[in-house]
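A quick write-up on the structure given underneath.
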Amino acid sequence: MSTYGIDLGTTYSCIARLDSNGNPEVIRNNEDDSNTVASVVFFENENNVVVGQAAKENIETDGDRVVQFVKREIGKLPPRTYEFDGKTYTPVEISALILTRLKNLVESQGGTITDVVITVPAYFGLEERSATKQAGELAGFNVLSLINEPTAAALSYCARQFQEDRTILVYDLGGGTFDVTVVKMSMTQNDSGKDVQKINVLATGGDDRLGGKDWDDKLFEHILHACCDESGLTPEEIEAETRQDIRGKVEEAKRKLSKKQSAKVRIDVNGSRTEIVITRADFERMTSDKVAQTMNFVESTLQKVPDAVIDTVLLVGGSTYMPMIKNAVEEKFPGKVQQHDPDQAVAKGAAIYASMLVVEEGSSTSSGETSAETSNGELSPAQSDHAEQLTAKFAVEDQTPRSFGPGVMDMKASKPKYVLENFIKIGEKMPAVFSKTYYPMENNQERVRLRAFENMSTDDVVIPCVDEDGNPQATDPAHNVKLLGELIVNLPENTSRDTPINVTFKVDASGVHVEAVNTITGEVFETFLRTESDIDVEKSAVHQLRISSD
Ligand code: ADP
Ligand code: MG
């Protein structure tokens, strides 16, 4: 049984494994004659749910029975639900339908699939990650691990072109999102003293509402106006059917323009056939502001890591097939741009990572078999050799997707403030552990409400961005502070305000563990904050811990 890597994308998903020579290969979607599957679900009727291109074709005609961009909803609170034929679906369940389609792709070609690695954006927090894993399990997979999309892309690049110590900027322009990530590859020694290449995420940026869809929209407007010019009609006079006809043809025209200098589109304008020719130059002119927007995000992401010197820029995502993208990035990073299978690189990297994991674990996978087999079920020596070589070369460290820390009182400030002390910083190696000693606010305090926060700050130790009730303050959205939950620490009678309370945060792939120890009584209080943080937090500022004993 092979292990598989899955890129569960906002607009397109892709699945890959290692072939009999140990090279990553994508499982073709023969039905749509494509390497990817559109992440679109059409609830045709109560007995039939369609995923992929066929579902996409219903967006214009049956839009209210189609779900797309579900990745934007996964793990979000409060959870959004979808209602079809009397049944309610969560984003996790819709994502599971897309994953099941990928599973069927493998099985229809004679493969068996259980163990997978699924990719997630580097900026996904714990909730989104856990929901993605849940979707995988619901589709019947054993999810070996999740891996960040840019890390997977870097892994797939380095597997083909091994280089020591590189700083890579991953420019990922997909269908609905734009992600910029700076990753660092560095040589280090693993636990057994072997030299391995470590991949670290240094900075992330981008926009989850910027992608190929914006290019489609511009082209749509352009064709609509060209139809008006040809027919002498006003845009308002153009019938809904004509609009649908245009909508259905823009993506194809856009793809043509990536290969050719011009594309012809035939449209039935209110019943009469019209031919519109679009040149690449026109297309580039009408979308140049979008290209500039992506380059601004590149700039602002680079500003987060002023010391980083970029060695290579990887172009990832289907939209980087557009020559205007490569040209713009080349202009900023001359001679440094690399582009290999931009719509498959993430899935391929995940496939490499999946086989690294099973080689590391020996035969301890769910199936009890090793990663790589040939079609007759025999282990291919080339496959396992290659996977072993990769394992020897790379170590992908699991990193904390966010920063974490408790909310405590800072009494040193001229006016006491409730602050968030960042214990564990985004990008730290997991499992990450940090402890610190705090003290009750006053003598005879009955209890302590110890709140745990997630945030995006990379460097601040103390962030004054929670109000007295422990709610994130709207005035500081930059840090993206989110309350995860709280731990109640009951204190015995007559507890002095000098009683040290030792607070520990531990973060691993499954969540945040918070522990508080009354070091005088030895009593331990702990809680595990997973992602479904429906924890009821009482709004009270009275029972807190303070930073130092003074
Ligand atoms: P996701 O956003 O799900 O990560 P992809 O990385 O596969 O998905 O990107 C999908 C986007 O890439 C879509 O907007 C699609 O139209 C666009 N795309 C795919 N191939 C081409 C091409 N040859 N030329 C231009 N755009 C393309
Ligand atoms: Mg993608």
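Counting starts at 1 for both ligands and their atoms, in listed order. Values reported hereafter were calculated over all heavy atoms of this structure, with side chains retained and with hydrogens, waters and symmetry mates removed.
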Can you report which non-hydrogen protein atom sits closest to [atom], along with the distance?
atom                    : value
atom 13 (C) of ligand 1 : Gly175 CA, 3.7 Å
atom 6 (O) of ligand 1  : Gly318 N, 2.9 Å
atom 7 (O) of ligand 1  : Tyr12 CB, 3.5 Å
atom 1 (P) of ligand 1  : Thr11 OG1, 3.3 Å
atom 23 (N) of ligand 1 : Tyr321 CB, 3.4 Å
atom 14 (O) of ligand 1 : Lys254 NZ, 3.2 Å

Atoms of ligand 1 close to [X] [distance to a heavy atom under 4.0 angstrom, numbered from 1]:
X      : value
Gly174 : 2 (O), 6 (O), 9 (O), 10 (C), 11 (C)
Gly212 : 14 (O)
Gly9   : 3 (O)
Gly317 : 6 (O)

Do [X] and ligand 1 have an N or O pair less than 3.5 Å apart?
X      : answer
Arg255 : yes
Ser258 : yes
Thr177 : no

task = Check step by step if salt bridge (Lys or Arg N to Asp or Glu O under 4.0 Å) holds for Asp216 and Lys213.
result = CA-CA 5 Å; Asp216 297 346; Lys213 168 114 189 359; over 6 Å; no
task = Compute both the distance and the angle, then confirm whether Arg280 meets the cation-pi test with Phe283: under 6.0 Å from the six-membered ring centre, within 45 degrees of the axis.
result =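 No cation-pi geometry.
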query = Does Arg255 make a cation-pi contact with Tyr321 (under 6.0 Å, within 45 degrees of the axis)?
reply =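 No, cation not above the ring by the 6.0 Å, 45° rule.
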ask   = What distance do Leu302 atom CG and Glu299 atom CD have between them, rounded to the nearest 0.5 Å?
value =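 The distance works out to 6.0 Å.
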ask   = Which distance, rounded to the nearest 0.5 Å, do you find between the CG of Leu8 and the SG of Cys14?
value =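 Here the rounded value is 11.5 Å.
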task = Please lay out, stage by stage, how Asp245 and Thr242 fare under the test side-chain hydrogen bond (donor to acceptor under 3.5 Å, both in side chains).
result = CA-CA 5 Å; Asp245 194 20; Thr242 304; over 6 Å; no
ask   = Got a sec, which pairs hit ring pair (Phe, Tyr, Trp, His ring centres under 6.0 Å) with one end in residues 22-63, sequence neighbours left out?
value =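 Only Phe43-Phe84, Phe43-Tyr89 qualify under ring pair (Phe, Tyr, Trp, His ring centres under 6.0 Å).
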query = Looking at ligand 1, does Ser319 have a heavy atom less than 4.0 Å from it?
reply =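 Yes, Ser319 has a heavy atom closer than 4.0 Å to ligand 1.
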ask   = Does ligand 1 have an atom under 4.0 Å from some heavy atom of Thr10?
value =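 In this structure, Thr10 qualifies as a contact of ligand 1 - some heavy atom is under 4.0 Å.
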query = Does CD in Glu331 sit with more than 12 non-hydrogen atoms of other residues, nucleotides or ligands closer than 6.0 Å?
reply =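 Not buried by this count: 12 neighbours or fewer within 6.0 Å.
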key: Glu251 contact mode with ligand 1 (heavy-atom cut-off under 4.0 Å)   =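 For Glu251, only side-chain atoms sit under 4.0 Å from ligand 1.
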task = Return the orientation label for the Tyr157 and His340 ring planes: parallel under 30°, perpendicular over 60°, tilted otherwise.
result =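 Rings of Tyr157 and His340: parallel, under 30°.
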ask   = Would you say the side-chain atoms of Asp19 pair up with the backbone N or O of Glu25, donor to acceptor, closer than 3.5 Å?
value =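 Looks like no, no N/O pair under 3.5 Å.
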